[in-house]
Amino acid sequence: MPPNPGGLGGTYAGNPVACAAAHAVLDAIEEEKLCDRANAIGKIILDRCNQIKARSNLNCVGDVRGLGAMCAIELVKDTASAEPAPQLTQALMKVANENGLILLSCGTYGNVIRFLVPLTASDQIVRDGMDIFETSLTEAVTRVA
Amino acid sequence: MSAKLATNDLEAFWMPFSANREYKKAPRLLVRAEGTHYTTDDGRRVLDGTSGLWCVSAGHCRPKIVEAVRKQVGELDFAGTFQMGHPRAFECASQLVNVAPPGFNHVFFTNSGSESVETALKIALAYHRAKGNASKVRLIGRERGYHGVNFGGTSVGGIANNRKWFGTPVARRRPSAPHPRSRPQRLQPRRAGARRRACRRS
């Protein structure tokens, strides 16, 4: 072993291939202003989630929240009790997958869907994705009921 | 990017396992590699006697390997392996099992040796818990042993300099066994007995 001041290490840390990849990613983020784009995408998703929440025939959306492009929608058994609905969340992921959209669940009670689409997505792609999401949610509610 | 760097350009990178100030006073930079040799920033060709910190046993920048990496990055750069999967992970695991000795039938992928050790320690704990031995939690490390740099690996590690700044990161689980090449007096009965008692106390 070479001298190891501090005892902090990592054999692959800072290796040339990883650094080249990271460098190119940071360039893309800067050149294409992807941080601004993250805020724009987040707004589209949050607005759409809030519209879904406001739908009178769909009483299953709890909290809607997000920071930048990472957004989350909480699914509940009914909005009055706000009781978590993990089964609905699982069903939604399955239906969405069948409809061509990959989603990921999260949350302490497994009842939250988190969105983070690539920041290169156009407004239209994000809207298309949210269309699939809404259709799939409606379908999942019927399946679980 | 230019091969020659001004001293200030070296500042941001906190180098692992390195005397940073010493290094940055007289940086040694490798800028190219091919087969068994590196080329330094001042144009010297040097023989790599370490296989690039043990990571490049098949030789540096081999066209066939470079092409395989290039092809994969262009074809499927990333796909998770939680619930979903992708063919390469299964192919790679099968290939490893095929060349491994009998009894090694499964592969759990990690990103580094340290991560491998953490996972192995967790698997050992979970194994005994699943077998009904939940209290079997003591891990034994060797004097001077190296098991990576994360909490678990540091806890079972035995290199003083890698441990001394961190106390005992994971709950006291590490009676130390003597290094196999310790001087003979370490193995005398009285010393061995004292060591066993020390282990029981810990």
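Below, read A as the first sequence line, B as the second, and so on, with proteins coming before strands; counting in each chain starts at 1.
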Checklist line | B:Lys71/B:Glu67 ion pair, N-O < 4.0 Å | finding: no

Next item on the list: For the pair A:Lys53 (side chain) and A:Gly62 (backbone), establish whether a donor and an acceptor sit closer than 3.5 Å, ignoring hydrogens and angles.
Entry: yes

Notebook entry, point to check: Side chains of B:Thr36 and B:Asp48: do they bring a donor and an acceptor to under 3.5 Å?
Noted result: no

Next item on the list: Measure the spacing between NZ of B:Lys136 and NE2 of B:His128 and express it to the nearest 0.5 Å.
Entry: 4.5 Å

Check: Minimum heavy-atom separation for A:Leu103 to A:Ile113, with atom names?
Finding: CD2-CG2, 4.0 Å

Margin query: So if I take each residue of residues 24-44 of chain A and look for any heavy atom under 4.5 Å from a heavy atom in chain B, which residues do I end up with?
Written below: none

Next item on the list: Taking atom CZ of B:Arg62 as the centre, report whether more than 12 heavy atoms of other residues, nucleotides or ligands fall under 6.0 Å from it.
Entry: no

Notebook entry, point to check: Hey, does the side chain of B:Ser18 reach the backbone of B:Asn20 with a donor-acceptor pair shorter than 3.5 angstrom?
Noted result: no

Check: Relative to chain B, which segment of A:Asn15 carries a heavy atom at a distance below 4.5 Å: side chain, backbone, both, or neither?
Finding: neither

Item checked: Donor-acceptor side-chain pairing of A:Gln51 and A:Asp47 below 3.5 angstrom -> no

Note to self: Test side chain to side chain contact (heavy atoms under 4.5 Å, CB included) on A:Asp123 and A:Arg127; report intermediate values, then the result.
What the structure shows: CA-CA 6 Å; A:Asp123 287 5; A:Arg127 286 198 202 97; 3.9 Å; yes

Notebook entry, point to check: How close do B:Pro16 and A:Gly9 get, heavy atom to heavy atom, and via which atoms?
Noted result: CB-CA, 3.6 Å

Note to self: Applying a heavy-atom distance below 4.5 Å, give me the residues of residues 106-114 of chain B that approach chain A, sorted by number.
What the structure shows: B:Asn111, B:Ser112, B:Gly113

Checklist line | Proximal component of A:Leu104, with respect to chain B [non-hydrogen, under 4.5 Å] | finding: neither

